[in-house]
Amino acid sequence: MDSNFPPPPSTALWPGQPPPPEKSSQVLIREYPHRAIAIASNSHALILRHSTTTSEAIASGLLASPSSARQRLAASDTLASKCMVEFSLTSDRLLADYRPLTPRPIYGTLGLISIGRDVFLCVITQASRVATVRPGETVEKIEAVQFFCLNSAEYDDIVIDPHDLDSDVYGQARKDTPVEHPCQELQKLLGNGTFYYSTDFDVTNRMQDRTADAATFEIDNFDESFLWNSYMIRPLVQFRSRLQKQEREALDASRILTSAIRGFCRSWAIPQSTAPLSAAKTGLPSYLTVTSRLSCRRAGTRFNSRGIDDDGNVANFVETETTYWSPSGVVFSYAQVRGSVPVFWEQAAGLLPNQQKITVTRSADGTQPAFDKHFSELEQAYGAVHVVNLLSATKAGEYELTTLYRRGIQNCPLSRAEGQQSRDHALLRDTEYDFHAETKGPQGYVAAHEIRRYIEDSADGFAYYLAQESDDARQSNGGSDAHKQRRYVVVLQQEGVFRTNCLDCLDRTNLIQTIISQMAVEAFLGHRGERALSDFWSRHANLWADNGDSLSKIYAGTGALKSSFTRTGKMSIAGAIADVRKSATRLYYNNFTDKARQNTIDTLLGRLVGQAPVILFDPISDYVAGELQRRSIEFSTNEKIHILIGTFNLNGRTDGISEDLSSWLWPSELGAVQPEIIAVGFQEIVELNPQQIMNSDPSRKRLWERAIKRTLDSHYSREGDEKYLLLRSGQLVGAALCIFVKASVLHHIKNVEGSVKKTGMSGMAGNKGAVAIRFDYANTPICFVTAHLAAGFANYEERNRDYTTIDQGLWFQRNRGIGDHDSVIWFGDFNYRIGLGLEAAKGLVKRRDLERLFENDQLNLQMVAGLAFRFYSESRITFMPTYKFDVGSDEYDSSEKARIPAWTDRILRKGTNLRQLAYNSAPLRFSDHRPVYAIFECTVNIVNEKLRDKISREIYERRKVEVGGDTANLGGDETEDEDLIGYDAIEPGLPPASSDRQKWWLENGKMARSSINPPKPDGPGHQTILNPKRPANPYMPSDEPDWVNVPRSESRLSSFSSMSTSPYEHVNHSTLLSSSASSSTPRKLPPPYDPSALPAKVGRLHIGHIGHIGHIGHIGDDMKGPQADGPPPAPPPRRQTSMSHMSAADAFSSISQKRKPVLTAVGSKPAGPQQISAQNKSRPPIARKPAHLTAPVSPASSASASFMSDTLTPHASQATLAGLSRQSTPNGVLSSNLDGSLSSLLARNGSAREHTPPPQLPRRPNTTASPSVVAQGNRMAAAGGIPLVGLAAVSSPERKPQLPARKPMGARSVSPPVAQKQAPPPPAPRKTQAVDLLGGDDEAIEMGGWEALRPS
């Protein structure tokens, strides 16, 4: 597979080897008419020009400035420097007036920084390659930088690069110059050999947090905590984000922008003869690399940066990663961290060694919040944390820190194990290891290896990162650029980290971290049946010794102590003498030079008081971006793809690997369609015993991946069929997720990422949790989540918590969560049960009464109540419960435990671009579950890049002519202030400044106006409504359309039907609902609501009396007053309208006379006791009702019961209530459907009864009703004690928070009725789907108002 590799870059590890020419650029300068500096690559140029007009105008008062700018000016007499920037293709005309500023090439740009009123551009002038992590990923060390001033030629003759002193070119130094360069200290700092960068990959993130392939990386994904030039590069990164995609790619390819880390990086090439992993005879060496990334969050020198800050950042925090690449296609990585003791403490520098006093500056209670935040961030980034504290127990200062450290860990929530579990299962553990006491004996530092027995359990549980070259890539490696075609698949991920510390986190810490790194490498090799020779371990020890020296020089000024032992494994007199010399040198640096070094570091990071950033902008690019977004429909198209989802709880069994899986992975519903994406989720892929729940064994997952691939290849072998490739897989102990895609669509897929989240034992164990994989298909982000939630019949609340933990705690790169995707599909063993007894459930199963079973399904009820999977939908279930079967048969559980049949295995979706085509189970019998599958049609957005580029160029050229072409490069006299600020707002939230050529209140010479005319619906069966998912701010960029088409409300059931036209979107209700709905007369909607017909003074809702109809205007205004039996008080005087001074009753009469009654009161008697107790058999309890579902309601709403009873037939009211348990209704649409239903009920009530108060139906008490009584009386309560929100029949004077009244849209005034005129035809149906929430059984039910429908 490796025969066609290019020659190994053996010289890449030689010191002084510069980067190749294709990674270099040139710095050019133009003096007239404006000073400008250009960074030119082979194809593009980045041109920068400083603006003096804006700064001078603000300083002189000619222009208004933000208050923040005025404060900075008053404090430090400095202002934010503004520069113009242009990025374009190079040409002779573009660079005709430029000449080289330095004869040497440059290797990147570290950014811009302002010193006083001058702005400087920092570039890398000398670098050497020091590491090759794997082919295609190299790291360079910065050896020299140069600062060029954008706005002044004063410093052009000052050469601070020592290599330019003897040169005879432009910029030669005058050795007698009295002017000192303002950036001289910064140049020394950046060129001292401790800064590293890479133009091949994201060097700020460890390998596990990067994509498995090394082909591309994005600047947006840089980890700013390790990006030391983040302050300087931020203006250029922000400018990059405003560019179009093709320009961004060109800017990235030019390698002009550079990300720099500080710390250490070096590789050793391991010859094939001594490499621990055998490979084909290719002659390629293996690469062993150690990379340390020093955090810049609390950066500083030894005695100027100690302890923790209020943001949870600690001093001298370093992430060190050991990586190993083998030509056999294996990549190993292991990360660990070090950092200062996370309490508030200081230490003053002194001239006597070991006599510097430690001072604790904050109490333990005051420290705890920052302490908890620090470890919370560690847990989110790395998983479980094991603290290794090496402080002395005999030194007073160190013992005090140890005591505070121990107390902080004990009080930290992460250190608490759940229930009766031991602290070994906590996410935060600690080991106190007195290094000096343990190594005081005759063995010396050799005794430090005894720490292995204290940490070996955690080391085994944390595992390591492992990626392996895919079989597909191996087969395709036939060209000369084979290393570029490598595609790695993640096999294992590291799930925890060791945090080691001593006092300085230098000498003792580095020795212990060397041992931990060796343990991880030994475990990696041992799992593959290999072992390393002494030559390998010698190279490993030397890398770690060099790492310790480099980190020690950064923090303390000298190399690390004990480094001689780290290199050789032996103590020597020469090493002891060297340690004494280093200690004396440290005293000098710490007392005399560290403060100046600290000031330079703060300048580099932009932390000095009054230090202003540099602001870059290109007004033309900003305008083009906005126009392209507005005209996106011209160059983008939609394409439909198919996705097959499968989920299967394997019960830890492997005997089904060899079985035919085609009934599950190649269902008949597919027909001739070959899905573009196949996502398969497994649960209990291994047995979940105590030994397994802390580790992930990838061997089982690999077996099932082969079985899936074998099934797909066997069935898609016809002519024209395409092969499937494994895109990515992930595993969390028993949960696994595999994504297969067609080979032809692989070019559409990018940004593939994976993540896991543990929920077992409160996040400590991986027996429960989720695995997620996301990617971008063309321009549509898609996320797949397979989950295994908490088990137990009554544990639905814990399952809800597991869902919330996963939904809110699972993160991908770039701070992207599950909800940040256009399409999200959840599938797995959610473990929600059916709230019926065993015999009742089996009886319904035998009769195949799926509707009654679904009414008692816990997941359905939790979704309706808004307690889990909000805004997700599920298609109609047409298959029998999938759990629990006797293995090998179709009989449900016959064991002593007698599990109740349930739909534990589910597939849910969220996204307007998803349409479900199938939902079923497959008859595979080797597990106690049945596999479930679903087929989706997904609409993805694909952008025509060529057309988009053409439109972009046209807009750019037109805009350039409109604004006069004033950019950074083009010449001309200095214009007025609009040259720079005419297109940008001076204050956030304000429009841009105006000029003679542009006014913010005008557009294209026309006055601004708005129109809300809805577009025409797709057909007579649809209506157009406002999109409820569109952001409230109409000016916020959004892909959501303003209007959407939904089916018209033609029946009582349509309001809860899905917006999709798929036949699988409709959910059957109970037989009672079906019969009653089919026999009821279709309702006609009332005329549009007229607010002018109602009194202005609005009270609480009192539907029981028709005289109170005027109070419906504001349902939640005031519900404190007692119910009144008389008419409402007269409204206050109001402005004359077309219905001036009409009473509420007259207004209602005028409306009711214009249309015929729709429903009449049916005088049916309430159900008798014998009907109620027909199935009065207690069921097993499910769980307590959620508190907000049983909350008392206001007595003001009791009148709604009598109104509802007289208006609806008993069957219709029961149908209405049962309709709320529909499965496919997203929870978020409930409140939006209430408007039309309430107004419809009011109109029907008035037309049916006119002004006669209805006779009250007898109430039956429901305080002692058994579950069966609730099931007969209220369809929603049948699901295990969870009634419909807002229908609890409990009265209380407690006032509940009220929602503001809704303002009716499109309301029209209604003219007084004319008796002799013929009544007009009924108005067109309203555009809001009507939902009748006031219908119910034949008892009077109190409703607590709109706020009762919102879960707490």
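- Contact annotation: the side chain of Gln518 approaches that of His540 to within less than 4.5 Å [non-hydrogen atoms, C-beta and beyond].
- Applying the side-chain contact (heavy atoms from CB on, under 4.5 Å) test between Thr514 and each of Ile516, Ile512, Leu511, Asn510 identifies Asn510 as the sole match.
- Under the side chain to side chain contact (heavy atoms under 4.5 Å, CB included) criterion, Ala381 pairs with no residue at all, not counting sequence neighbours.
- Applying the ring-ring contact (aromatic ring centres under 6.0 Å, His included) test to Phe371 and every residue at least two apart in sequence or in another chain returns Phe375.
- When all heavy atoms are compared, the tightest approach of Phe344 to Asp310 is CZ-OD1, 3.6 Å.
- Although no hydrogens or angles enter the test, the distance criterion places no donor-acceptor pair under 3.5 Å between the side chain of Asn795 and the main chain of Glu798.
- Considering only heavy atoms from C-beta on, Glu319 comes within 4.5 Å of Tyr382 through its side chain.
- Listed by chain and residue number, Leu390, Arg508, Thr509 satisfy the side chain to side chain contact (heavy atoms under 4.5 Å, CB included) test with Cys502 (two or more places apart in sequence, or in another chain).
- Screening Val290, Thr500, Thr322 for a side-chain contact (heavy atoms from CB on, under 4.5 Å) with Gln513, the sole residue that qualifies is Thr500.
- With a 6.0 Å radius and a threshold of 12 heavy atoms from other residues, nucleotides or ligands, Glu346 has its CD atom at or below the threshold.
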Mind running side chain to side chain contact (heavy atoms under 4.5 Å, CB included) on Val314 and His374 for me, showing each step along the way?
-> CA-CA 8 Å; Val314 296; His374 172 70; 3.7 Å; yes
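- Put simply, the side chain of Asp372 reaches to within 4.5 Å of the side chain of Pro413, judged on heavy atoms.
- Looking at residues two or more places apart in sequence or on another chain, you find a side chain to side chain donor-acceptor pair (under 3.5 Å) between Arg452 and Glu522.
- Distance check, rounded to the nearest 0.5 Å: CG of Leu503 to CZ of Phe435 gives 14.0 Å.
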Run the side chain to side chain contact (heavy atoms under 4.5 Å, CB included) check on Tyr405 and Asn501 step by step: do they pass?
-> CA-CA 11 Å; Tyr405 204 169; Asn501 72 273; 3.2 Å; yes
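- Across Gly606 and Gln611, no two heavy atoms sit closer than the pair CA-OE1, 3.3 Å.
- Judged purely by atom type and a 3.5 angstrom limit, Gln368 uses its side chain to pair as donor or acceptor with the backbone of Gly408.
- Residues forming a ring-ring contact (aromatic ring centres under 6.0 Å, His included) with Phe264 (at least two apart in sequence, or on another chain): none.
- In this structure, Arg416 contributes its side chain and Asn411 its backbone to a donor-acceptor pair below 3.5 Å.
- Between the CG atom in Asp457 and the CZ atom in Phe462 there is a gap of 10.5 Å [rounded to 0.5 Å].
- Legend: residues meeting side chain to side chain donor-acceptor pair (under 3.5 Å) with Ser755, ordered by chain and number and at least two apart, are absent.
- Between the side chain of Asp430 and the backbone N or O of Val387, no donor-acceptor pair lies under 3.5 Å.
- Residues passing the salt bridge (charged side-chain N to carboxylate O under 4.0 Å, His left out) test with Glu450, sequence neighbours excluded: Arg453.
- Of the possible donor and acceptor atoms, none in the side chain of Thr439 sits under 3.5 Å from a partner among the backbone N and O of Tyr445.
- Nearest heavy-atom pair across Asn316 and Cys505 is ND2-O, 3.5 Å.
- The structure places NZ of Lys758 at 13.5 Å from CD1 of Ile806, a figure rounded to the nearest 0.5 Å.
- With values rounded to the nearest 0.5 angstrom, Asn229 atom CG is found 4.5 Å from Leu227 atom CG.
- Taking Ala364 as the reference, Leu404, Arg407 meet the side chain to side chain contact (heavy atoms under 4.5 Å, CB included) condition, with sequence neighbours excluded.
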Stepwise, does the side chain to side chain contact (heavy atoms under 4.5 Å, CB included) test hold for Tyr465 with Met207?
-> CA-CA 8 Å; Tyr465 173 84; Met207 187 175 290; 3.6 Å; yes
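- Annotation: cation-pi geometry satisfied between Arg262 and Trp228 (NZ/CZ under 6.0 angstrom from ring centroid, within 45° of ring axis).
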For Leu401 and Trp345, what are the C-alpha separation, side-chain angles and deciding distance, and is it a side chain to side chain contact (heavy atoms under 4.5 Å, CB included)?
-> CA-CA 8 Å; Leu401 292 179; Trp345 62 285; 3.7 Å; yes
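- Donor-acceptor pairing under 3.5 Å is lacking for the side chains of Gln493 and Tyr464.
- Residues that satisfy the side chain to side chain contact (heavy atoms under 4.5 Å, CB included) test with Lys373, not counting sequence neighbours, are Asp311, Glu377.
- With sequence neighbours left out, the ring-ring contact (aromatic ring centres under 6.0 Å, His included) criterion links Tyr803 to Trp826, Phe869.
- Separating the OG1 atom in Thr291 from the CG atom in Asn547 is a distance of 9.0 Å, to the nearest 0.5 Å.
- Shown here for Ser225 and Asp223, the closest heavy-atom pair between the two residues is OG-OD1, 2.7 Å.
- Applying the ring-ring contact (aromatic ring centres under 6.0 Å, His included) criterion to His386, with sequence neighbours excluded, gives Phe498.
- Within the 3.5 Å criterion, the main-chain N or O of Thr301 finds no donor-acceptor partner in the side chain of Ser305.
- Using bins of under 30°, 30° to 60° and over 60° for the plane-to-plane angle, the ring pair Phe332/Tyr334 lands in the parallel bin.
- Closest non-hydrogen pair, Arg293 versus Asn205, comes out as NH2-O, 3.3 Å.
- For Asp820, there are no side chain to side chain donor-acceptor pair (under 3.5 Å) partners at least two apart in sequence or on another chain.
- Using a 4.0 Å cut-off between a side-chain N of Lys or Arg and a carboxylate O of Asp or Glu, Arg306 and Asp504 qualify as a salt bridge.
- Counting heavy atoms from C-beta outward, Ile261 and Phe195 have side chains that stay 4.5 Å or more apart.
- You'll find the side chain of Ile409 reaches within 4.5 Å of the side chain of Leu428, heavy atoms only.
- When side chains are defined from C-beta on, Leu294 counts as touching Ile554, because their heavy atoms get closer than 4.5 Å.
- Here the closest heavy-atom approach between residue Arg210 and residue Asp202 is recorded as CD-O, 3.1 Å.
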Check step by step if salt bridge (Lys or Arg N to Asp or Glu O under 4.0 Å) holds for Asp209 and Arg206.
-> CA-CA 6 Å; Asp209 293 335; Arg206 57 176 176 156; 3.1 Å; yes
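- Between Val360 and Thr367 there is no side-chain heavy-atom pair separated by less than 4.5 Å.
- Looking only at side-chain heavy atoms (C-beta outward), Ser458 and Arg429 come within less than 4.5 Å of each other.
- At distances below 3.5 Å, not a single donor-acceptor pair connects side-chain atoms of Ser552 with backbone N or O atoms of Gly548.
- Between the CD atom of Glu495 and the CG atom of Leu732 there is a distance of 6.0 Å, given to the nearest 0.5 Å.
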